[in-house]
Protein chains: 2
Amino acid sequence: MNIGKNRKPTIGDVAREAGVSMATVSNVINRRSVPLTADTISKVEQAVQRLGYRRNAMAANLSSRKSNELGLIIPNFGGYYGRFAEELEHQVHGFGYHLSVFSSNGMNPDLERRHMELLLQRRADGLICHGLAMSVDTTRQIVGEGTPLVIFNGWGWPSDVASIAVNLDFPGASAEAVRYLLQQGCRSVFYAADRLAPGANAQREQGFAEGVKRCEARAVGAFGVSDYDGNQIEQAGQIDQIDQIEQIVSAILDVGELGVELFLDQVLQLSDRRSPIGIYAYSDAWALRLLSECHARGLRVPDEIKLIGMDNELFSQASYPAITTFDMPVQRQTHLIACCLLQQLGEELAPEALALLSEARSTAAGGREILLPLTLLPRRSTELSGNAE
Amino acid sequence: MNIGKNRKPTIGDVAREAGVSMATVSNVINRRSVPLTADTISKVEQAVQRLGYRRNAMAANLSSRKSNELGLIIPNFGGYYGRFAEELEHQVHGFGYHLSVFSSNGMNPDLERRHMELLLQRRADGLICHGLAMSVDTTRQIVGEGTPLVIFNGWGWPSDVASIAVNLDFPGASAEAVRYLLQQGCRSVFYAADRLAPGANAQREQGFAEGVKRCEARAVGAFGVSDYDGNQIEQAGQIDQIDQIEQIVSAILDVGELGVELFLDQVLQLSDRRSPIGIYAYSDAWALRLLSECHARGLRVPDEIKLIGMDNELFSQASYPAITTFDMPVQRQTHLIACCLLQQLGEELAPEALALLSEARSTAAGGREILLPLTLLPRRSTELSGNAE
DNA sequence: CTGTTAGCGCGTTCAA
DNA sequence: TTGAACGCGCTAACAG
């Protein structure tokens with residue numbers, strides 16, 4: 001069973017053992033389209049079995065100039081990103097690709113760089129990266145040309161470095177959070193930001209501000225004073241129960257920096273307390289911490305405070321009361337990403353996949369920044385009449 | 001800057017560009033120990049720069065018969081396992097190794113098999129696997145000999161397939177959970193099992209049962225009737241406040257199968273309700289769900305129900321009341337694993353690392369199953385006088 | 001110090 | 001169908 005000293009059996013060993021040529025062995029192993037005798041096949045397979053042969057991927061890849069490997073770089077393995085990785089792995093596997101997943105440990109630029117360098121040295125066929133901590137220039141320099149790069153949840157990447165970006169619509173979701181909080185009776189709304197978090201906080205802030213502005217415009221419009229913007233008014237038409245709003249108190253506070261206690265202090269101070277306070281948090285994790293702090297202070301959720309999170313983590317449903325949050329369309333996102341990348345790699349996509357892709361592209365900014373909507377999942381933490389706690 | 005059509009520059013191109021030989025280029029790139037003229041080095045480096053050369057890892061690995069790659073297979077990317085992966089990556093990188101992480105998606109045997117096969121085809125230098133879903137025989141057949149395999153959180157692996165196992169002491173922790181709950185005044189204790197979970201549930205069950213038995217023995221011993229086991233008595237000596245226990249109600253119930261509602265129903269039915277009920281859950285996730293259900297029923301935690309989880313997830317601290325749980329010594333575990341593996345790969349370990357390793361080995365069962373203790377983190381959910389809720 | 005050369009294990013011709 | 005031969009890009013001896 002052993003050939004030499006410690007050497008693993010090669011295709012040549014198998015050929016000798018089976019009494020055929022190396023080419024034949026290769027053909028059998030790779031299930032080529034060349035016609036092969038059933039006898040030959042079984043001879044080879046038996047030899048493979050006897051010798052315990054396993055193909056050497058490095059040699060195969062070197063020879064065929066293709067690694068069938070895709071690289072994924074995410075900030076961490078938890079929650080959304082973890083689900084993302086698992087789903088994407090599944091998707092690309094259907095096309096014969098492997099996915100190597102690396103965490104940049106909270107968007108550490110050095111780690112990002114290192115992982116990316118490794119993937120390129122391994123001649124990965126394609127790269128999928130979270131909006132990176134590295135500068136555009138650095139990234140451009142590293143990835144150069146030749147290796148397709150798809151960005152997800154990253155904004156403003158020039159086309160010469162990333163072919164496309166598939167993003168979640170955090171701005172839209174944030175505006176929706178504001179709208180929903182107001183609709184549920186809040187007259188003061190706050191965004192619990194986390195500016196150091198490895199995610200799209202800026203997009204959330206922008207969307208939050210936008211949402212506030214939009215509602216104010218609508219309120220003003222209802223009073224016949226002026227309007228903010230024709231288009232905005234149109235969208236504000238969705239806001240049905242807040243016609244009487246005169247003034248909305250709103251603010252963006254960095255809970256990451258303040259901590260939940262100081263954050264809540266400021267929130268309570270800024271709001272007039274004559275209506276429930278709405279808090280939209282950067283993530284479910286922050287929402288949970290805030291919820292806990294409310295409990296500790298005897299602030300009733302959702303009666304006095306209404307909470308919205310983001311990510312639909314398992315614990316947001318398991319907490320008490322369950323936290324309203326946004327569902328992340330991980331599957332749609334990974335599917336689109338896989339399609340984009342595989343297309344660039346010259347794979348044959350199914351017609352429906354192509355249709356989906358071109359549809360998504362058509363609605364994208366410049367065809368290069370696809371935006372996927374998030375779905376609000378209303379739960380107890382934002383209910384109107386608080387039965388909960 | 002471009003050589004041919006689409007070909008990436010090779011070491012040969014660099015050599016030509018720099019006016020030196022391929023071997024010299026290789027020496028410069030790999031920072032060999034051979035002495036090199038500063039002039040030569042700069043010539044090569046400039047050529048590398050000009051051409052945008054990047055070493056081809058596949059060719060290098062093929063030639064050197066070493067991949068510098070370690071493979072890690074975990075059931076999922078979340079929580080403990082995610083932290084584990086990141087930490088291990090960090091550890092092995094110090095020795096020039098890369099870590100490729102794969103999730104088996106909740107211990108799917110097919111995925112495990114596929115990932116393992118891939119890693120072996122890539123000629124990974126070593127494997128680190130969570131106690132696998134695959135049978136021992138299957139694993140033995142796949143991994144064969146030649147590639148060192150270290151198991152973590154897996155029990156009963158024969159030495160011919162895995163060189164060593166580095167496990168967390170779930171049995172010990174579970175016994176400790178029982179002891180602690182009783183000490184905190186509980187007279188009925190339950191283990192909320194999850195038999196389908198991709199983790200060491202059996203070990204927890206065993207430890208729980210052991211813990212109960214131990215305490216009963218101690219109680220009986222206190223009444224001078226008989227004892228369970230000399231050694232057990234000795235250990236039971238740690239239990240200081242429960243000498244008067246006459247009878248402990250205890251049970252193991254599969255919350256994964258029952259769901260939290262039915263589980264709690266049964267718990268309430270089985271216990272006499274004259275003292276707080278202690279519940280030790282398979283994981284923090286289950287503990288949180290149970291906590292939520294308690295809230296919903298108006299059961300006060302920790303006054304009426306005391307809860308212990310496992311994993312020290314972020315949310316267990318952020319929930320209300322904060323959940324008592326066990327801290328996982330991720331760093332110690334990954335460090336030991338890295339040391340074991342690197343030693344087998346012939347790397348030079350630091351003396352202190354070697355000392356640590358041999359010490360851990362000496363206390364291990366047969367020297368091949370290292371057991372790492374978990375630390376209980378007492379929090380509000382098990383406090384004596386319940387201020388919380 | 002530097003250059004030459006022979007593999008590493010496999011894929012892919014192209015005649016036979 | 002098969003077999004021999006070349007190339008993938010690099011490393012490792014050894015020879016200068």
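Numbers restart at 1 for each chain; the letters A, B, ... are given by sequence-line order, proteins then strands. Any value given below was found using the heavy atoms of this structure, including those in side chains, with hydrogens, waters and symmetry copies removed.
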Arg113(B) CZ: over 12 foreign heavy atoms closer than 6.0 Å: no
Would you say the ring centroid of Phe84(B) lies under 6.0 angstrom from that of Phe152(B)? yes
Side chain of Ser26(A), backbone of Met22(A): donor and acceptor closer than 3.5 Å? no
Tell me, yes or no, whether the heavy-atom count around Gln331(A) atom CD, taken from other residues, nucleotides or ligands under 6.0 Å, exceeds 12. no
Could you tell me whether a side-chain N or O of Ser64(B) sits under 3.5 Å from a main-chain N or O of Ala60(B), the two making a donor and an acceptor? yes
Presence of Arg65(B) side-chain N/O under 4.0 Å of dG9(C) phosphate oxygens OP1/OP2: yes
Measure the distance from CG on Leu51(A) to C1' on dG9(C) and round it to the nearest whole Å. 15 Å
Quickly work out the Met58(A) CE to dC8(C) C1' distance and round it to whole Å. 9 Å
Proximal nucleotide (of dC1(C), dT2(D), dT11(D)) relative to the Thr40(A) side chain: dT2(D)
Rounded off to whole Å, could you give me the CG-to-P distance for the Leu62(B) and dG11(C) pair? 12 Å
Ion pair present between Glu89(B) and Arg114(A), side-chain N to carboxylate O less than 4.0 angstrom? yes
Is the shortest side-chain heavy-atom distance between Val25(B) and Tyr53(B) below 4.5 Å? no
Using whole Å, what does the distance between atom C1' of nucleotide dT2(C) and atom CD1 of Ile41(B) come to? 13 Å
Ala59(B) or Thr37(B): which one's nearest nucleotide on DNA chain C is closer to the 5' end? Thr37(B)
Report the end-to-end axis angle of the helix from dC1(C)-dG16(D) to dA16(C)-dT1(D); each axis comes from five terminal pairs, and the value is rounded to 10°. 40°
Atom-to-atom span, CD1 of Ile29(B) to P of dT2(C) - whole angstrom: 15 Å
Rounded to whole Å, CD1 of Ile11(B) lies from P of dG7(D) at a distance of 18 Å
I need the CG-P distance between Asn56(B) and dC8(D), as an integer number of Å. 12 Å
So, is Ser63(B) close to the dA12(D) phosphate, meaning a side-chain N or O under 4.0 Å from OP1 or OP2? no
Let's go through Cys129(B) and Met116(B) carefully: what are the C-alpha distance in whole Å and the side-chain angles of both, what is the deciding distance for side chain to side chain contact (heavy atoms under 4.5 Å, CB included) to 0.1 Å, and is it a yes or a no? CA-CA 9 Å; Cys129(B) 296; Met116(B) 192 173 269; 3.6 Å; yes
Contacts under 3.5 Å, N or O only, protein and nucleotides 3-5 of chain C:
unit_1 : atom_1 : unit_2   : atom_2 : d
dG3(C) : OP2    : Ser21(B) : N      : 2.7
dG3(C) : OP2    : Ser21(B) : OG     : 3.4
dG3(C) : OP2    : Thr24(B) : OG1    : 3.2

Euclidean distance, atom CG of residue Asn68(A) to atom C1' of dG11(C) [Å, nearest integer]: 13 Å
If you measure from the Lys or Arg side-chain nitrogens to the Asp or Glu carboxylate oxygens, is any gap between Glu117(A) and Arg54(B) under 4.0 Å? yes
Using only side-chain N and O atoms of Arg54(B), determine if any of them is under 4.0 Å from OP1 or OP2 of dG9(D). no
Can you tell me if Ser26(A) touches the phosphate of dG11(C), counting only side-chain N or O atoms and a distance under 4.0 Å to OP1 or OP2? yes
